[in-house]
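Every chain is numbered from 1, with letters handed out A, B, ... down the list of sequences. The shown structure was predicted, so the numbers you read here are calculated from the model rather than taken from an experiment.
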2 protein chains.
Amino acid sequence: MEKCHQSHFRRQSVISRKEVAKLAGVSEATVSRVLNNVGPLKEETRERVLQAAAVVGYVPNALAQQFARRKSGNIGVILPFVPKVHLFSTYYFSEILSGIGETAKRCGYDLLLIFREPDGARDYAKLFRTQKIDACIVLGSQDVPEERAALAELKASGYPFCLVNQRFEEADYAAVDADHRNGSREAVLHLIDRGCRSIAFLNGPLQYSNSADRLEGYKNALVEKGIAYVSQLVYVGNYSRKSGYELAEQLALQIRSGVVDAVFAANDRMAIGLMQGLRERGLEAGKQYAMVGYDDSDGSRIISPRLSTVAVPFYEMGKLAAAKLLDGEQRADAVSSLLPVQLMVRETSGHE
Amino acid sequence: MEKCHQSHFRRQSVISRKEVAKLAGVSEATVSRVLNNVGPLKEETRERVLQAAAVVGYVPNALAQQFARRKSGNIGVILPFVPKVHLFSTYYFSEILSGIGETAKRCGYDLLLIFREPDGARDYAKLFRTQKIDACIVLGSQDVPEERAALAELKASGYPFCLVNQRFEEADYAAVDADHRNGSREAVLHLIDRGCRSIAFLNGPLQYSNSADRLEGYKNALVEKGIAYVSQLVYVGNYSRKSGYELAEQLALQIRSGVVDAVFAANDRMAIGLMQGLRERGLEAGKQYAMVGYDDSDGSRIISPRLSTVAVPFYEMGKLAAAKLLDGEQRADAVSSLLPVQLMVRETSGHE
DNA sequence: GCATTTAATGTACACGCGTACATTATGTCA
DNA sequence: TGACATAATGTACGCGTGTACATTAAATGC
């Protein structure tokens, strides 16, 4: 992994506020005041300066501004580096990113993309110490020791950050999450309403608070309907399609023997993989068993039969996460937010 | 759309190289030299400085560095702002982004994400004039007047930039593209090999050079095999699933009447939409007609029957685009690159 | 009309780093 | 040992902005 030359971009001869000041016949400070709209200003002066700026084509140097203000104007977005590995729904990230971008732009901030190192080195705090970012949003966070340490350091140093789709129980980090507990509950209630009585649950790894929430919702729904929770009916995949596919053999037996009549999967990818595996064994979702996924991904609408699933407002989550960091003071109620999700009933759990 | 307060992040009292210099008993310049590894240095001094830096916990201020170097160290990535509108494959973007990120990190650059304004205002050059970015990569570019103007300005001002997946014929902009001409040709040749003789082509809008390339490849394949090109067999969607779906009615008639026995679609999304529409009319891909898509998206493997398609090395394209800008001098052969694509034969065009 | 406030602008400097140039230490060769 | 090249370090300043403080112009009150 060779490093490459760093500095082959030419240094342009920019025009600074000095030129503007000279042309407008005022001091540099006045130019600065006009452009930043600060202090009392004579209207005539303002116009003269603005016109002069337009004439010479002045554009403030963002680097100098950042330096002088001791603020980068950047909000860091930390995300997992997973090329070729479709562990996460890419839909998920692009929606969240768009949401963040929307708020950031409104508040005059830029987005600095930071890919998390694969090897667990996550010195998020350094990004703040170097002043590269003023705040940050952490996507795809997991409850693992390195992550906990990194976040604890951020918190301890008072750096503003916000988690999306992950919470840490004992730590009151700012976070934006969707109500997966209720989403899962509703999904399972829906299956029960459809007449299913032994519902398997294909969950993801528990280092995602997401997964734990879903498990809880699953249990709650069962209890609510007086159905016993059976831990043998809970399977764990890794949110990939493959991990769903690989569980097909096992589940096919359960379905055939009548031990299982429905599956609730913690995301669409696993649901789809499982459906494909079961189909290869002659079992069709919506016929021999019912299925509900999670995320309302593109795939859920593409696949046949169309997958019932739970829609998550990713875009809004991104918007809200950024707003938490950028929009004024953080109110108490805004530390942690839970956005509603929506059950989408389609063919895999529809009426027979 | 209310603006929000800008500056509620506290100003930290950082420690600068001054403290390091004092502790190490050297001048600030020497500290700087050690950290930048420039000029002749006594080994003992270097160690003393590094140790002092470690003791006081010194971290260079990136904003000051950028200002002094007149370089932001950022590479801008411009992409379309399309929340909720799945016009582009999100897979496409996340792969390219990962690729860019990989190279950028290797070269010590950060990624500044810039969403293109929906309303056509695209002052890319301003990003350079303000020094926010040192180079940029343009994704999802289209051949429309505002875009041409924006790119021409970049070129005229000598700002380094690179297009991905789009070329402008008369302008020799740096670009990384996949060989869609050949990809399309091979897809169509494959269909012909499978016995198809009247192959419809569902293309995208021609303001993407992509689309034009594919059309050319389509034509070439036909000519090569002595099949007449019939312009009535070319349809135009907008790369969305919906646009494919909506063409189903029309194509169902053509297929039933024997005017069409295969469809080549310019991307998977349209192919999938079309397949779904045709299925609703009793026509199955791989049976009554053959189908080949483009992109090798997740959906192509999810859908049933599995969609034959053309795989595009998005990740590598991102890597290469960044390398063109960051890796040393741009060689002549590197102005425009064409990466190979690969036909993936699956069920929609397999043997009967 | 003068004292006093307030508006408007100018002056001066800090921000933290990179680096050109000056200076001093350390050789090297005759 | 002296002349000289080179290594190692120090000094001084620029980068372009924001802004505290000083200064001057205008407005207000009596």
Side-chain angles (χ1 to χ4, degrees), chain A residues 6-7 9-22 24-50 52-53 56-73 108 128-132 134, chain B residues 6-7 9-22 24-50 52-53 56-73 108 128-132 134:
Chain A
Q6 273 264 23
S7 47
F9 299 124
R10 63 152 194 201
R11 299 203 167 181
Q12 51 198 338
S13 66
V14 286
I15 50 147
S16 70
R17 72 179 180 191
K18 194 174 183 178
E19 285 75 37
V20 179
K22 190 157 56 174
V26 296
S27 72
E28 289 189 45
T30 297
V31 174
S32 184
R33 277 189 278 256
V34 168
L35 294 170
N36 292 351
N37 203 23
V38 60
L41 283 166
K42 202 187 284 180
E43 183 55 30
E44 184 254 331
T45 311
R46 156 181 283 116
E47 281 168 15
R48 197 147 38 91
V49 169
L50 288 178
V56 301
Y58 169 72
V59 177
N61 183 322
L63 299 183
Q65 288 182 320
Q66 292 168 6
F67 176 53
R69 293 175 179 147
R70 293 171 203 75
K71 275 190 44 184
S72 67
F128 285 93
R129 278 193 229 101
T130 62
Q131 313 258 63
K132 275 194 176 179
D134 300 330
Chain B
Q6 273 263 23
S7 44
F9 300 125
R10 65 156 191 197
R11 300 203 165 180
Q12 50 198 338
S13 66
V14 287
I15 51 145
S16 70
R17 72 178 181 192
K18 192 173 182 179
E19 286 74 38
V20 179
K22 191 157 53 175
V26 297
S27 72
E28 290 189 45
T30 297
V31 175
S32 183
R33 276 189 279 255
V34 168
L35 294 171
N36 292 352
N37 203 24
V38 59
L41 284 164
K42 203 187 284 181
E43 183 55 29
E44 185 254 332
T45 309
R46 155 181 283 116
E47 280 167 16
R48 197 148 37 92
V49 169
L50 288 178
V56 300
Y58 171 71
V59 177
N61 182 322
L63 298 183
Q65 288 181 317
Q66 293 168 5
F67 176 52
R69 294 176 176 145
R70 267 90 106 227
K71 276 191 45 183
S72 68
F128 284 93
R129 277 192 230 103
T130 62
Q131 313 259 64
K132 276 194 175 177
D134 300 330

In whole angstrom, what separates A:Arg129's CZ from C:dC17's P?
15 Å
Can I get a per-line list of side-chain donor-acceptor pairs under 3.5 Å for residues 34-45 of chain A, giving both atom names and the distance, sequence neighbours left out?
{"unit_1": "A:Asn37", "atom_1": "OD1", "unit_2": "A:Arg46", "atom_2": "NH2", "d": "2.6"}
{"unit_1": "A:Glu43", "atom_1": "OE1", "unit_2": "A:Arg46", "atom_2": "NH1", "d": "3.2"}
{"unit_1": "A:Glu44", "atom_1": "OE2", "unit_2": "A:Arg48", "atom_2": "NE", "d": "2.9"}

Would one find a side-chain N or O of B:Thr45 under 4.0 angstrom from OP1 or OP2 of D:dA8?
no
Test of understanding: with side-chain contact (heavy atoms from CB on, under 4.5 Å), list the residues that count as partners of A:Lys18, not counting sequence neighbours.
A:Ser16, A:Glu28
C:dG16 phosphate, OP1 or OP2, under 4.0 Å from B:Ser16 side-chain N/O:
no
Need to verify one output field. Residue with the more 5' nearest nucleotide on DNA chain D, B:Arg46 or A:Gln65?
B:Arg46
For a quick test of reading the model: is some side-chain N or O of B:Thr30 closer than 4.0 Å to OP1 or OP2 of D:dG10?
yes
Base D:dG10 to side chain B:Arg33, donor-acceptor N/O within 3.5 Å cut-off:
yes
Bend of the helix from C:dG1-D:dC30 to C:dA30-D:dT1 from end-axis comparison, five pairs per end, nearest 10°, comes to 40°
Taking 4.0 Å as the cut-off, does a side-chain nitrogen or oxygen of B:Ser32 come that near to OP1 or OP2 on C:dC17?
no
Atom CD in A:Gln66, atom NZ in B:Lys132: separation rounded to 0.5 Å?
7.0 Å
A:Ser27 has a side chain; which of D:dT17, D:dT19, C:dG10 sits nearest to it?
C:dG10
Mind checking if B:Glu28 touches a base, just sugar-phosphate, or nothing, with heavy atoms under 4.0 Å?
nothing
Could you give the distance from CZ (B:Arg69) to CG (A:Leu63), rounded to the nearest 0.5 Å?
11.5 Å
Spacing between A:Leu63 atom CG and C:dC17 atom C1', to the nearest angstrom
13 Å
What's the CG-P distance between B:Asn61 and D:dG16, to the nearest Å?
18 Å
Between B:Ala29 and A:Ala29, name the one whose nearest nucleotide on DNA chain C is closer to the 5' end.
A:Ala29
Between D:dG18 and A:Arg69, is there an OP1 or OP2 to side-chain N/O distance shorter than 4.0 Å?
yes
What one should report as the nearest heavy-atom pair of B:Asp134 and B:Ser72 is OD1-N, 3.2 Å
How many Å lie between CZ on B:Arg17 and P on C:dG18, as a whole number?
7 Å
Starting at CZ of A:Arg48 and ending at C1' of C:dA8, how long is that distance when rounded to a whole Å?
12 Å
Scan residues 35-44 of chain B against DNA chain D and write down, sorted by residue number, each residue with any heavy atom closer than 4.0 Å; if none is found, say none.
B:Pro40, B:Leu41, B:Lys42
Search all heavy atoms of B:Val31 against all heavy atoms of B:Val20 and return the closest pair with its distance.
CG1-CG1, 4.0 Å
What's the NZ-C1' distance between B:Lys18 and C:dC17, to the nearest Å?
13 Å
Would you say whether A:Phe67 stacks on C:dC15? The test is a distance between ring centres of less than 5.5 Å and an angle between planes of less than 30°.
yes
D:dT17 C1' sits how many Å from A:Gln131 CD, rounded?
15 Å
What's the NZ-P distance between B:Lys71 and C:dC17, to the nearest Å?
17 Å
Nearest 0.5 Å, please: how far is CZ in A:Arg17 from CG in A:Asn61?
11.5 Å
Under the ring pair (Phe, Tyr, Trp, His ring centres under 6.0 Å) rule, collect the residues that match up with A:Tyr58, sequence neighbours excluded.
none
Check: D:dG14 base within 3.5 Å donor-acceptor of B:Arg70 side chain:
no
